[in-house]
Amino acid sequence: MTSKRTARLARALGLVSAIALVGGLPASVALSADGPVTPAQTLHPEKWPAATASRLIDPAIEKKIDALMAKMSVEEKVGQTIQGDISTIKPADLRKYPLGSILAGGNSGPGGDDRAPAQAWLDLADEFYRVSVEKRPGHTSIPVIFGVDAVHGHGNIGAATIFPHNIALGATRDRDLLRRTGEVTAREMAATGIDWTFAPALSVVRDDRWGRSYEGYSEDPEIVAAYAGAVVEGIQGHYGSKEFMKPGRTVATAKHFLADGGTDGGRDQGDAKITEEELVRLHNAGYPPAIDAGVLTIMTSFSSWQGIKHHGNKQLMTDVLKGRMGFNGFIVGDWNAHDQVPGCTKYNCPTSLIAGLDMYMASDSWEQLYKNTLAQVKDGTIPMARLDDAVRRILRVKFHAGLFDKPAPKDRKDVPAISTLGSPENRAVGREAVAKSLVLLKNQGGVLPLSPKAKVLVAGDGADNIGKQAGGWTISWQGTGNRNDEFPGATSILDGVKAAVAAGGGSVAYDKDGKFTSKPDVAIVVFGEEPYAEFQGDVETLEYQPGDKSDLALLKKLKAQGVPTVAVFLSGRPMWVNPEINASDAFVAAWLPGSEGNGVADVLFRNKDGKVNRDFNGKLSFSWPKTAVQTPLNRG
Ligand code: GLC
């Protein structure tokens, strides 16, 4: 009698004879979710980098896991593999649905308020934790793990230190700085009782039309590989040292496995029509260093390779990532992304777990998915051995994260206080990152660096707009609708200019439209992309402001008035801005600097003694196009 699963495969395969299925499929037939794979879809684990060292396997922890699993019911085991979003699950729900994890997705916040203050996050984390470990008859106490997207600092919270996005950090070429940004992010998260960040993204961005280009460090696999380990160590601590996952550190996530930045046309969640060799050489570059640094979780990508959705690709998740590359943490899915696997819905997808996913990000589908998955374990559709492996991996991460030893979030004494969010020391790291990330694209006639004694006009809609300078994944998912007063302690680029010029004895006037009564010595015009995230940032070409050249008009007006102009361009990617560059005397790629806008003036202005205060350091980690359609355009 073929099991339901085999019957599903029979339907999917069609061609394979029932006899073969009754005897189980020949091991050589590689399967994807919707049938046998073609040669172009076949992976060869021996062609991938082998694990260089065993990570995360600690005999003492494995023994604790054995003991715990022996006590767990099958309901509790299935529960561990499912994560629900706080917009749909309440702490009390964990009594009926023993989920292993919760998350706050892009637009989720405590009490449905994604602008909730830090204390509200700590209170919520504490509430969920206590329910998950409370003593109840028949209940095995297993702490829930709470994940958020702290992808450029603890960006859900406006009071936090919000770092430049990865595209800017890639331009710094400073591994130690990136480690420090990871450390600060982890500490500010730990202060709010949250134990897991879905970062760093290790995307190798090959087509800048992709709406997530700014989440990648570079187009160049060498740069991504150079940073991956440093950022993971900053967030988690150095693997093997006493620093590893001690209080003040959080669990990291290498994402999105694999080739999220390699899709056709840069379409988010699209298909990477590339060879296995390119997968390995380009897109896999950051994963071995991350695994070697002890990264505890890896997130599977929404996207697909050669038409196979990653969330259903057993060759990739099991044979390559866990087998050949030796990843011993757990694989978490993306936001209901399992529903894109043929034959699946967000409520019902044994294929993903069987393929090697360990935890479903079942944001609003967790209740039904739990029931269906439990039934599929009981009827054998999902082998118990696979469930046990997934649970073991999840518990392994929770033990390494110290969750079983820590008290509830509000009782944790050895973590930074909430008042340290956005502390001067933390913001200083952000300010340094901003200054080191700026890339000078043009400086005609030596207009830069500016004198702080000058009469400065600041213009453009990005000059006094902290939300615009921070970009996506900031307070809200898209990073839109954010007011300056929602970032207490942050500085806009204008704030930084004012401080630099005040120190030097000059004067500053701000007019968004560049109007002035008495002619300034120089104008700083800050403009660029409006915030966006994910597929909402996908574009057809790299032309800046197609159809509306208002910023170019502003630059031209100032030029026509004979005012030397410094353009400060805010963007999540290189764009075609030749007209804007030609209309400026100096042009600075400032990317998405985050909360420390004062880092820009640190580089634009001499200090009050007239010396260079901080020279330009940033180097492009993405190729800059000469035309609006010159993409993909990559080194080599
Ligand atoms: C999103 C993103 C992923 C993020 C997750 C949780 O769709 O793809 O990067 O971590 O959902 O917000």
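Atoms within a ligand are numbered from 1 in the order they appear, just like the ligands themselves. The residues of the chain are indexed from 1 along the displayed sequence.
- Residue contacts with ligand 1 do not include W477, since none of its heavy atoms lies under 4.0 Å from the ligand.
- Between Q41 atom CD and I308 atom CD1 the span is 4.0 Å, to the nearest 0.5 Å.
- In the vicinity of G105, heavy-atom distances shorter than 4.0 Å reach the ligand 1 atoms 12 (O).
- Heavy-atom proximity to K255, at under 4.0 Å, picks out these atoms of ligand 1: 3 (C), 4 (C), 9 (O), 10 (O).
- Taken to the nearest 0.5 Å, the CD1 atom of I418 stands 11.0 Å off from the CD atom of E188.
- Judged purely by distance below 3.5 Å, without hydrogens or angles, the side chains of S303 and D260 never pair a donor atom with an acceptor atom.
- Using 4.0 Å as the threshold, E215 has no heavy atom nearer than that to any atom of ligand 1.
- Protein heavy atom in closest approach to atom 4 (C) of ligand 1: D149 OD1, 3.1 Å.
- Heavy atoms of Q83 found under 4.0 angstrom from ligand 1: none, in either backbone or side chain.
- Near H256, meaning under 4.0 Å from any of its heavy atoms, are these atoms of ligand 1: 3 (C), 8 (O), 9 (O).
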(message) salt bridge (charged side-chain N to carboxylate O under 4.0 Å, His left out) for R573 and E529? Distances and angles first, verdict last.
(response) CA-CA 9 Å; R573 57 185 136 217; E529 290 193 291; 3.2 Å; yes
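- Counting only heavy atoms of the protein, atom 1 (C) of ligand 1 lies nearest to E534 OE2, 3.2 Å.
- Of all protein heavy atoms, the one closest to atom 5 (C) of ligand 1 is D334 OD1, 3.4 Å.
- Electrostatic pairing of D358 and K322 counts as a salt bridge here, judged by a charged N lying under 4.0 Å from a carboxylate O.
- Judged by distance alone, the side chains of N465 and Q469 never bring a donor and an acceptor atom under 3.5 Å apart.
- Note that the CG atom of L296 and the CE atom of M245 stand 6.0 Å from one another [nearest 0.5 Å].
- Shown in contact with F198 at under 4.0 Å from a heavy atom are these atoms of ligand 1, numbered in order with element: 10 (O).
- Among residues two or more places apart in sequence or in another chain, the side chain to side chain donor-acceptor pair (under 3.5 Å) test is passed with E530 by K468.
- Considering both main-chain and side-chain atoms, W335 never comes within under 3.5 Å of ligand 1 through any nitrogen or oxygen pair.
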